[in-house]
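Model, not experiment: these values are computed from the prediction. Atoms within each ligand, like the ligands themselves, are counted from 1 in listed order.
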Amino acid sequence: KRKEDYKLRELRIFLRDICRKLASNRRFYKFTKPVDLEEVTDYLEIIKQPMDLETMMTKVDMHKYNCAKEFLDDVDLICANALEYNPDKTSSDKQIRHEACSLRDHAHALIDVEMDSDFELECQEIARRR
Ligand SMILES: CC(=O)c1nc(NC(=O)[C@H]2CNCCN2)sc1-c1cc(O)cc(O)c1
């Protein structure tokens with residue numbers, strides 16, 4: 001086990017906790033599971049790269065994230081997908097856009113507060129080398 005493998009294990013423990021906190025917030029329940037393609041039949045015609053919090057938790061376990069920035073890129077993708085799929089002036093579309101922006105801002109705020117910036121920089125160095 002190299003020194004950097006210990007760092008990535010610490011990153012995984014941290015990201016699991018962030019993912020759990022986001023997925024347990026009732027405001028974000030629409031983003032906790034993959035969009036139900038039986039229910040939303042045109043979804044893949046509009047959204048080319050679906051993403052959700054359950055998929056992100058699986059990606060943590062599969063060592064897909066080498067730094068918090070890569071994790072936040074997937075949160076930003078959840079948000080961008082919801083903004084793209086819900087562009088209408090209707091109150092239902094407006095509400096889901098608001099929830100998506102709130103998810104994105106909460107994720108970034110949680111990481112900024114709880115993550116040591118030097119640790120993230122070390123992880124980004126590891127990510128660049130891999
Ligand atoms: C996650 C998402 O982006 C999403 N967007 C929707 N938009 C609409 O239904 C809008 C689209 N514009 C026209 C009027 N209807 S429903 C929906 C969704 C919510 C869930 O609780 C589970 C799920 O699988 C998908």
Taking all non-hydrogen atoms of both residues, which atom of M56 and which atom of F71 are closest, and how far apart? CE-O, 3.3 Å

Taking all non-hydrogen atoms of both residues into account, name the closest pair between L11 and A68 and its distance.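 In this case the closest contact between L11 and A68 is CD1-N, 4.0 Å.
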
Put together the list of close N/O pairs, under 3.5 Å, between ligand 1 and the protein, could you?
from	atom 1	to	atom 2	distance (Å)
ligand 1	3 (O)	N86	ND2	3.4
ligand 1	5 (N)	N86	OD1	3.3
ligand 1	5 (N)	N86	ND2	3.2
ligand 1	7 (N)	N86	OD1	2.5
ligand 1	12 (N)	D93	OD1	3.2
ligand 1	12 (N)	D93	OD2	3.2
ligand 1	24 (O)	D36	N	2.8

Among K30, R27, R104, which residue meets the salt bridge (Lys or Arg N to Asp or Glu O under 4.0 Å) test with E99?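 Of all the options given, the one that passes is K30.
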
Within the 3.5 Å criterion, strictly below it, is a donor on Y43 or D36 matched to an acceptor on the partner's side chain? no

Consider only side-chain N and O atoms of D52 and T55, and report whether a donor and an acceptor are under 3.5 Å apart. yes

With sequence neighbours excluded, residues passing side chain to side chain contact (heavy atoms under 4.5 Å, CB included) with E70: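 By the side chain to side chain contact (heavy atoms under 4.5 Å, CB included) rule, E70 matches Y65, N66, C67, A127.
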
